[in-house]
2 protein chains.
Amino acid sequence: MPESDYPDIRELHLFSDMADEHFLSLMRGAYVQNFPPQIELITEGDPSDFLHIILSGSVDLFSTWNGRETSMATVRPISTFILAATVKDAPYLMSAQTLEKSRIALIPSQDVRAVFDADGNFARAIVTELAQCYRSVVKVQKDLKLRTSLERLANYLLRKQKNAGGAAEFDLDYEKKRLASVLGMTPENLSRAFKGLQPYGVSVNGARVRIGDQEDLERFAKPNPLIDDFTT
Amino acid sequence: MPESDYPDIRELHLFSDMADEHFLSLMRGAYVQNFPPQIELITEGDPSDFLHIILSGSVDLFSTWNGRETSMATVRPISTFILAATVKDAPYLMSAQTLEKSRIALIPSQDVRAVFDADGNFARAIVTELAQCYRSVVKVQKDLKLRTSLERLANYLLRKQKNAGGAAEFDLDYEKKRLASVLGMTPENLSRAFKGLQPYGVSVNGARVRIGDQEDLERFAKPNPLIDDFTT
DNA sequence: GCGTCGACTTGATAAATGTTAAGCTGCGAA
DNA sequence: TTCGCAGCTTAACATTTATCAAGTCGACGC
């Protein structure tokens, strides 16, 4: 891996507290690759040979069963993914494909496990990261089980709006087909759901969303930090 | 905590490799309590003051939103729960209530975090535990998003059967109302789903389930280790 | 400009799931 | 024993969501 990439990775919470010696040993075995869009990086069920770190671009994590497919999450820079499979030395549970041109660092899983055994700070950082991941998935599960698709969309839009600094207008950051899959519905149903939110002041034009009356939408969506706040 | 409880807890993977000194310091601050059935041990949103370890009985983890409630998981001895909230010092995401008379150990969260900082072996054990929890929730999410309720029930029954040693008959281990909630459906729909599995040789009498033709049911259920095998 | 393609939308219809209400059944208390 | 109740089932109906089939629209290449 080019040394110019070291600082970005070193800044990641996961690597910031570990000993230099261990960090360098991880980096020596790692390499960086550029991938075009729509490349399948990982296939679920395969052994977890590498811990992946996305440096630029974006990656979709998805799963399939019996001819069906669903999008589980989207990964954006700079973060790792498939950490749990790496530390457990277990098969990947999700597949991964690039959504756009992406730069990705790959660290051999056995190196990660070796350093994890040797460096307590690294182990502790992994704990924090995994706890975060776990809590995020629990929130998604609550979202899926407790809300209708209309409510999921409404809360999704409010979260995006918050991310966009609270602006009344913002852009969806991926295609609607994928958004539908993330929210656990069909594209057709997503179209209808957007219509269903019009009475609460939501309008859409392509990828551009406008929330006319945030309070009105919130009265309907009833956002809850124990489901919608992914920072805690 | 009575010293007679130490060995059971010490055997838990989470505590088996840590230094004696640290284990004892955790136990000194801990205590054990017996709870009657239907007692709410934890309320979601509360600060995570204790790591809980269930020594006997069983505990339901559930969540609520907007007047709705869903069962997220059931915890059985001997294991910990609410580990992620403890290590992150973040609010509980789920509530917990005893299903039956239960004996539960409580370790102050701040003690866990302190020992976690001091003991690398403990930190590593927490990583393995959290990775396991994370992967389990991902599997549940795949189950929810990729399968219909009939398919979820069919695969649930096959998993239970495996747990029961492959016997053709076995007992459901909690009431159907709760099972319905775990599987993400209403009790009425669960009744219909059991009927819907009759053509595949499933019969039910109270809590007793009989799988007449396992292969036939498997042809319908299409179980997949990346969803249904909770040991990896 | 023209055609083509993919993303999205729309409407009609079907399937899955939830809701409401009623009734059954087994069990424990009076 | 009888009553009352909780858990479960059933049936009718309502709602939600998916599926299928057109149809619109805009981007792109030729």
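Lettering follows sequence order; numbering is per chain, from 1.
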- Message: Once salt bridge (charged side-chain N to carboxylate O under 4.0 Å, His left out) is applied, do any residues pair with Asp213(A), and if so which ones, sequence neighbours excluded?
- Response: none
- Message: Quick one about Ser109(A) and Asp49(A) (side-chain donor to acceptor, distance below 3.5 Å, no hydrogens or angles considered), yes or no?
- Response: no
- Note on the structure: Under a 4.0 Å heavy-atom cutoff, the residues of residues 62-70 of chain B touching DNA chain D are none
- The salt bridge (charged side-chain N to carboxylate O under 4.0 Å, His left out) partners of Arg68(A) (sequence neighbours excluded) come to Glu151(B)
- Item | ring pair (Phe, Tyr, Trp, His ring centres under 6.0 Å) partners for Phe50(B), two or more places apart | Tyr31(B)
- salt bridge (charged side-chain N to carboxylate O under 4.0 Å, His left out) filter on Asp89(B), not counting sequence neighbours, yields Arg113(B)
- Contact pattern, 5' to 3', of nucleotides 7-23 of chain D - B, S or - by protein heavy atom under 4.0 Å: SSSB-B----SBBB---
- Query: Going 5' to 3' on DNA chain C, which nucleotide is the first and which the last to come under 4.0 Å of a heavy atom in chain A?
  - Reply: dA7(C) to dA12(C)
- Just jot down the salt bridge (charged side-chain N to carboxylate O under 4.0 Å, His left out) partners of Asp143(A), sequence neighbours excluded, or say none. Arg147(A)
- Task: State, to the nearest 10°, the angle formed by the axis through the first five base pairs of the helix from dG1(C)-dC30(D) to dA30(C)-dT1(D) and the axis through its last five.
- Result: 30°
- Query: Quick one: does Leu157(B)'s side chain get under 4.5 Å of Val209(B)'s, heavy atoms only?
  - Reply: yes
- Item | Contacts of Phe81(B) that satisfy ring pair (Phe, Tyr, Trp, His ring centres under 6.0 Å) - sequence neighbours left out | His52(B)
- By ring pair (Phe, Tyr, Trp, His ring centres under 6.0 Å), which residues pair with Phe35(A), not counting sequence neighbours? none
- Query: Which residues satisfy the ring pair (Phe, Tyr, Trp, His ring centres under 6.0 Å) test with Tyr174(A), sequence neighbours excluded?
  - Reply: none
- Message: Assess the residue pair Glu100(A) and Ser58(A) against the criterion (side-chain hydrogen bond (donor to acceptor under 3.5 Å, both in side chains)); give the C-alpha distance rounded to whole Å, side-chain angles, the decisive distance to 0.1 Å, and a yes or no.
- Response: CA-CA 6 Å; Glu100(A) 45 191 319; Ser58(A) 57; 2.6 Å; yes
